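First comes the structure, then the notes that go with it.
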Amino acid sequence: MPSKVYGVNLGSWLVLESWMLPQGFSFAKAFPSTVDAIFKTHWESWFNQTDVSTLKNLGINTVRIPLGYWIVEPLVNRQTEFYPRGGLQQLIRGLEQLHAAGIVAILDHHALPGVQTPNQMFTGHCTSDVEFYTSPNYLRALTWAGVMTALSHLHPAFAPVFAIEAVNEPIMDAAQTPGYGTYQGNFVTVVRGVEAAVGVKTQGLDSPQSTANASQAILDFASAQSNSRFNSDVKTAMGNAASILEQIASDDSTQFNLKGSGHGQTPLVTNFMDVNWQNDNPPNPAAAAWGPQAYDNHLYYGVAAADPEDYMVSICNLGRVQADAVLGDSPLWFGEWGLPTQFDATDMFLQEWADAQKLAYSQGAGWIFWNFKVEHSELAGNLSREWSYIDGVKLGYLTKDPSTVHNTSVCDPFVS
């Protein structure tokens, strides 16, 4: 994990959000019989070596990669769930390119099985029917976590991965997310259990001295655990993940050596939206911590008064890092932010707005801008002005060196 995160999201790459990419979405929707081929073209063109080189030149050290559960294809019920296939091969390709550039990655479970938040494009299925907070879908999400953990330690392409985020933006009202606190604990236990099984040193767990077959090692390790954290859901998820790993390892397009080991590797950082993301007596993910853990928050100012001064007063007096730390949710990074406003912002204001946000978020572990780029088209309009990091630098709102700002005193008139 970098000492300070300066990052961008790779949004609309492996989880397509049509508001950022209206032409591509419309094309894919119009030709369902060839969706896999269409998405392959999109994946290879939307994020590629040119983008990696650009991000490296801009000083970006971290990317957050939004992923859908369907990237682990055996988790998809093809009778009722319809997603393109081939995403894992693209993730492998992208991670290899990022690693060569010295950029590290967070794997963000952005779109959960059953949909975690209503009426949101980022869930992969924009619907009011939310079914993530059920036992079967929690189990699928835990299996996903087990697969991604094992790949992060065993597949050479996953070398730049340092963190896995459990759930992107769950429903804010905790009364509507039953079982979420239990899921948080199970998620961490799956990650640490898989790590210990493949040889990563894990506090309180004994790793096998050798792993002739990582899939079998995960199965054996799970069945041998009597620790109360290794409940039936955790053990089942680990078993499911072990089976899926066999399939991935034997596929020519995703293959890796199951005889590999995680000995000597660093444990992954487990990552959650912070406790203050939710209201109505939410579970605190800090209670689930076991090993390195970090927290995430996303601040968009659509609910602030439509006035430049109110925006600046709000961000310049932000106490989120301190408030989270009191509750044990530290380190905290801001995994999504941008420059959108509810008013017609001038170029000068967007520069000041960018500076003020960077200064506020850098009080914590750092920041990750949404998004690295936005489509340039008539349908997309002028979205890139406020949502594209690359364009933000070109337009002068964002500094080319992400660790600096244009004006370190930008907040002085607004601090109360």
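Just so we're clear, the structure is a prediction, and the values are computed from it rather than from any experiment. One-based numbering along the sequence shown.
Contact of the F39 side chain with the Q90 side chain is not registered, since no non-hydrogen atoms from C-beta on lie closer than 4.5 Å. For the pair W144 and P113, the minimum side-chain heavy-atom distance is 4.5 Å or more. Proximity of H109 to I164: side-chain heavy atoms (C-beta onward) are nowhere separated by under 4.5 Å. The shortest side-chain heavy-atom distance between P283 and Q184 falls under the 4.5 Å cut-off. Using a 4.5 Å cut-off on side-chain heavy atoms (C-beta onward), L88 and E73 make no contact. Side-chain atoms of P66 and W370, non-hydrogen and from C-beta on, do get closer than 4.5 Å to each other. Inter-residue side-chain proximity for L332 and Y361 is flagged as unmet; no heavy-atom pair is nearer than 4.5 Å. Y133 places a side-chain heavy atom less than 4.5 Å from the side chain of I171.
D355 places no side-chain N or O within 3.5 Å of a backbone atom of V410 that could act as its donor or acceptor partner. Looking only at distances, no side-chain donor or acceptor of T34 sits under 3.5 Å from a matching main-chain atom of A37. Put simply, the side chain of T202 never gets that close to the backbone of L205: no donor and acceptor are under 3.5 Å apart. Using modelled atom types, no side-chain atom of W353 and backbone atom of Y397 make a donor-acceptor pair closer than 3.5 Å. Side chain of H110 to backbone of G124: no donor-acceptor contact under 3.5 angstrom is found. With N213 contributing its side chain and L258 its backbone, the two residues share no donor-acceptor pair below 3.5 Å. Looking only at distances, a side-chain donor or acceptor of N9 sits under 3.5 Å from a matching main-chain atom of F369. A donor-acceptor contact shorter than 3.5 Å links the side chain of W43 to the backbone of W13. The closest donor-acceptor contact from the side chain of D36 to the backbone of R85 lies under 3.5 Å. Within the 3.5 Å criterion, the main-chain N or O of G239 finds no donor-acceptor partner in the side chain of S243.
Legend: residues meeting salt bridge (Lys or Arg N to Asp or Glu O under 4.0 Å) with E336, ordered by chain and number and at least two apart, are R64. Applying the salt bridge (Lys or Arg N to Asp or Glu O under 4.0 Å) criterion to D324, with sequence neighbours excluded, gives R320. Every salt bridge (Lys or Arg N to Asp or Glu O under 4.0 Å) that E44 has, sequence neighbours left out, goes to K40. For D51, the salt bridge (Lys or Arg N to Asp or Glu O under 4.0 Å) criterion is met by K373, not counting sequence neighbours.
When all heavy atoms are compared, the tightest approach of A241 to G146 is CB-C, 3.8 Å. Nearest heavy-atom pair across L95 and A105 is CD2-CB, 3.9 Å. Nearest approach of Q255 to A249, heavy atoms of both residues: CB-O, 3.1 Å. Taking both residues in full, the closest heavy atoms of A214 and V198 are given as CB-CG1, 4.2 Å, listed atom of the first, atom of the second, then distance. The minimum heavy-atom distance linking N119 with S128 is given by the pair OD1-N, 3.4 Å. Closest of all the heavy-atom pairs between Q265 and V200 is O-CG1, 3.6 Å.
In N77, the CG atom is crowded: over 12 heavy atoms of neighbouring residues, nucleotides or ligands sit closer than 6.0 Å. Under a cut-off of 6.0 angstrom, the local environment of CG in D280 is crowded, with over 12 non-hydrogen atoms contributed by other residues, nucleotides or ligands.
Exactly one residue among V321, D274, I368, D296 makes a side chain to side chain contact (heavy atoms under 4.5 Å, CB included) with F334. That residue is V321.
Between the CD atom in E246 and the CG atom in L219 there is a gap of 8.0 Å [rounded to 0.5 Å]. Interatomic distance, CG of L91 versus CG of L151, reported as 8.5 Å (0.5 Å rounding). The line from CG of D220 to CD of Q225 is 11.0 Å long, rounded to the nearest 0.5 Å. Annotation: the span from Q116 atom CD to F122 atom CZ amounts to 5.0 Å, rounded to 0.5 Å. In this structure, the separation between CD1 on I248 and CD1 on I92 is 8.0 Å, given to the nearest 0.5 Å. Interatomic distance, E169 CD to N297 CG, rounded to the nearest 0.5 Å: 9.0 Å.
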- [ ] Take R140 and V72 through the side chain to side chain contact (heavy atoms under 4.5 Å, CB included) test and state the conclusion after the steps.
- [x] CA-CA 10 Å; R140 286 203 288 174; V72 180; over 6 Å; no

- [ ] Could you check N231 against N186 for side chain to side chain donor-acceptor pair (under 3.5 Å), going step by step and ending with a plain yes or no?
- [x] CA-CA 8 Å; N231 57 43; N186 287 346; 2.9 Å; yes

Task: Derivation and outcome, side chain to side chain contact (heavy atoms under 4.5 Å, CB included), residues L98 and V52 - done: CA-CA 6 Å; L98 290 163; V52 174; 4.2 Å; yes

TODO: Evaluate side chain to side chain contact (heavy atoms under 4.5 Å, CB included) for F187 paired with V167, printing each intermediate quantity in order.
DONE: CA-CA 10 Å; F187 172 87; V167 181; over 6 Å; no

- [ ] Start with the C-alpha distance between F349 and T341, add both sets of side-chain angles, then the distance that settles side chain to side chain contact (heavy atoms under 4.5 Å, CB included), and finish with yes or no.
- [x] CA-CA 10 Å; F349 178 78; T341 65; 3.9 Å; yes

TODO: Given ring-ring contact (aromatic ring centres under 6.0 Å, His included), test F372 with F47 step by step and report yes or no.
DONE: CA-CA 10 Å; F372 80 111; F47 179 70; 5.8 Å; yes

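Using cut-offs of 30° and 60° for the angle between ring planes, the Y183 and Y138 rings count as parallel. Note on ring orientation: taking the six-membered ring where Trp is involved, the planes of W387 and Y300 are tilted (angle from 30° to 60°). A parallel orientation is assigned to the rings of W70 and Y83, their planes being inclined by less than 30° (bins at 30° and 60°). By the 30° and 60° cut-offs, the orientation of the rings of H298 relative to W277 is perpendicular.
For the residue pair S253 / Q89, a side-chain donor-acceptor distance below 3.5 Å is found, with atom types taken as modelled.
When ring centroids are compared, F158 and F256 stay outside the 6.0 Å threshold. Side-chain rings of Y6 and W367 approach one another, their centers coming within less than 6.0 Å.
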Please set out all donor-acceptor pairs under 3.5 angstrom arising from side-chain atoms of residues 172-180, sequence neighbours excluded.
{"from": "D173", "atom 1": "OD1", "to": "A175", "atom 2": "N", "distance (Å)": "3.0"}
{"from": "D173", "atom 1": "OD2", "to": "Q176", "atom 2": "NE2", "distance (Å)": "3.3"}
{"from": "T177", "atom 1": "OG1", "to": "A174", "atom 2": "O", "distance (Å)": "3.1"}
{"from": "T177", "atom 1": "OG1", "to": "Q278", "atom 2": "NE2", "distance (Å)": "3.2"}

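Salt-bridge check for R192 with E195: passed, with a basic side-chain N closer than 4.0 Å to an acidic carboxylate O.
Within the structure, side chain to side chain donor-acceptor pair (under 3.5 Å) pairs that include any residue of residues 52-63 comprise Q49-S53 (at least two apart or interchain).
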